[in-house]
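What follows is a set of notes on a single structure, which appears directly below.
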Protein chains: 2
Amino acid sequence: MKKIGVLGTGMVGNTIGTKLVQLGYEVIMGSRTATNEKAIAWKEANGEKASAGTFEDAAKFGEIIFNCTKGEVALDVFKMAGPENFDGKTIIDIANPLDFSQGMPPSLIPQYSNTNSLGEEIQKLLPKANVVKTLNIVNCEVMVDAKKSGGDPTMFMSGNSAEAKAEVKAILNQFNWNDIIDLGDITTARGTEMLLPIWLRTWMATGNGYFAFKIVQ
Amino acid sequence: MKKIGVLGTGMVGNTIGTKLVQLGYEVIMGSRTATNEKAIAWKEANGEKASAGTFEDAAKFGEIIFNCTKGEVALDVFKMAGPENFDGKTIIDIANPLDFSQGMPPSLIPQYSNTNSLGEEIQKLLPKANVVKTLNIVNCEVMVDAKKSGGDPTMFMSGNSAEAKAEVKAILNQFNWNDIIDLGDITTARGTEMLLPIWLRTWMATGNGYFAFKIVQ
């Protein structure tokens with residue numbers, strides 16, 4: 001099993017990292033400092049397959065990288081981690097370019113949406129890595145167990161490398177995602193990132209965050 | 001049964017108008033001129049409950065109005081039709097603010113998306129009308145028969161008037177939509193209009209336009 005680096009110590013990074021350890025992966029959680037309290041606590045709670053370090057440590061250790069940072073800081077995090085440390089690796093980008101500056105619910109950061117996407121910006125920053133956009137359209141507990149939506153929903157996947165997408169698909173299957181649509185290259189991440197506004201409003205209207213999208217066809 | 005005005009003579013207007021006549025409604029199709037060939041042909045094909053006229057004729061005759069125009073011209077059409085002719089009426093807005101100027105697939109017109117929507121702009125132009133955004137997220141044959149998606153998909157609805165939304169819900173039911181989520185006021189149209197980018201990319205990836213979205217919860 002490949003070693004995995006998780007960038008980000010928030011609820012998403014914690015949930016993804018914990019699930020991956022449960023599945024048997026060796027996982028490092030990376031943050032700005034090597035002594036981040038949340039990362040240390042996560043490591044302590046998850047046994048010997050779990051470790052913690054800087055973003056750079058996570059980038060060097062991981063053979064597959066999960067980007068669980070906030071969209072507004074994601075590019076800075078990759079720069080901090082050292083772009084060359086991602087060469088040849090699969091990056092699973094689950095961040096969303098949310099803009100909280102215009103009030104609630106958040107909109108999307110204009111320069112990373114509509115005619116662009118965060119996924120594409122990460123791919124441009126790391127031209128030798130293989131960025132795959134996926135999982136960004138559900139809450140983190142549904143990410144790691146599609147059945148928590150109560151059904152068999154659809155997950156989308158976008159990326160330039162067929163090999164990287166096959167690797168991601170295998171992990172998605174481990175997360176109980178069985179209906180997976182490969183949308184095409186990384187520019188198709190524009191579509192999935194623009195699902196956030198309807199995700200947010202469906203959540204607000206129904207009061208239930210444990211849902212997912214299904215393509216009925 | 002209320003009289004219905006359909007604005008627009010394209011495939012969407014034609015399909016919606018035809019279905020409404022089949023359901024027993026009196027329907028007028030409105031266009032820029034009273035002698036539009038497509039509108040006249042539609043009227044000839046649909047019997048005595050069908051008529052054709054200008055946008056203004058359609059706005060005056062209709063007690064419920066379907067906006068089936070292209071998003072980029074929708075506001076001009078409402079101005080041409082006479083904004084006062086929509087006072088107190090329910091407007092079912094199924095147009096999308098697609099921007100074809102940046103290449104294919106289309107993006108969304110920046111000033112009508114993300115922190116704004118076409119639905120909101122129409123409501124601002126017609127403050128005494130009740131705009132309800134719905135049906136804009138599927139192809140026109142699925143609009144008038146949800147079962148053509150092959151399942152029981154979800155339709156979203158956005159609007160400021162509960163009464164207008166109840167009226168629209170009854171029509172949606174006649175179009176075989178049974179799983180309807182009321183997202184809230186017209187600002188929630190931002191969410192449904194931003195579904196177009198994923199609709200387009202799913203269509204391009206699968207080659208099948210007869211699909212719809214289902215909220216699995």
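Chain identifiers are assigned alphabetically (A, B, ...) following the order of the sequence lines, protein sequences preceding nucleic acid strands; residue numbering begins at 1 within each chain.
Proximity of a side-chain donor or acceptor of B:Asn114 to a complementary backbone N or O of A:Leu108 within less than 3.5 Å is detected.
Between chain A and the options B:Pro197, B:Gly184, B:Ser149, B:Pro153, the largest number of non-hydrogen pairs under 4.5 Å is found for B:Ser149. Note: B:Ser107 leads B:Ser107, B:Gly151, B:Pro105, B:Pro110 in heavy-atom pairs under 4.5 Å with chain A. Ranked by non-hydrogen atom pairs under 4.5 Å with chain B, the options A:Asp152, A:Leu195, A:Leu196 are led by A:Leu195. Per-residue counts of heavy-atom pairs under 4.5 Å with chain A were compared for B:Arg190, B:Glu193, B:Gln102, B:Lys214; the largest is that of B:Lys214. Chain B forms the most heavy-atom pairs under 4.5 Å with one residue out of A:Thr192, A:Thr206, A:Asn208, A:Ile198, and that residue is A:Ile198.
Within 6.0 Å of CE in A:Met1 there are more than 12 heavy atoms belonging to other residues, nucleotides or ligands. A 6.0 Å sphere centred on NZ of B:Lys147 holds no more than 12 heavy atoms belonging to other residues, nucleotides or ligands.
In this structure, the portion of B:Ser113 lying under 4.5 Å from any heavy atom of chain A is its side chain and not its backbone. Contact of A:Ile181 with chain B is made through the side chain alone, with heavy-atom distances under 4.5 Å. Contacts of B:Tyr210 with chain A are made by backbone atoms alone, with heavy-atom separations under 4.5 Å and no side-chain atom involved. For A:Asp182, the part lying under 4.5 angstrom from a heavy atom of chain B is the backbone only. Contacts between B:Thr187 and chain A at a heavy-atom distance below 4.5 Å involve the backbone alone (N, CA, C, O).
Distance check, rounded to the nearest 0.5 Å: CZ of B:Phe156 to OG1 of A:Thr202 gives 4.0 Å.
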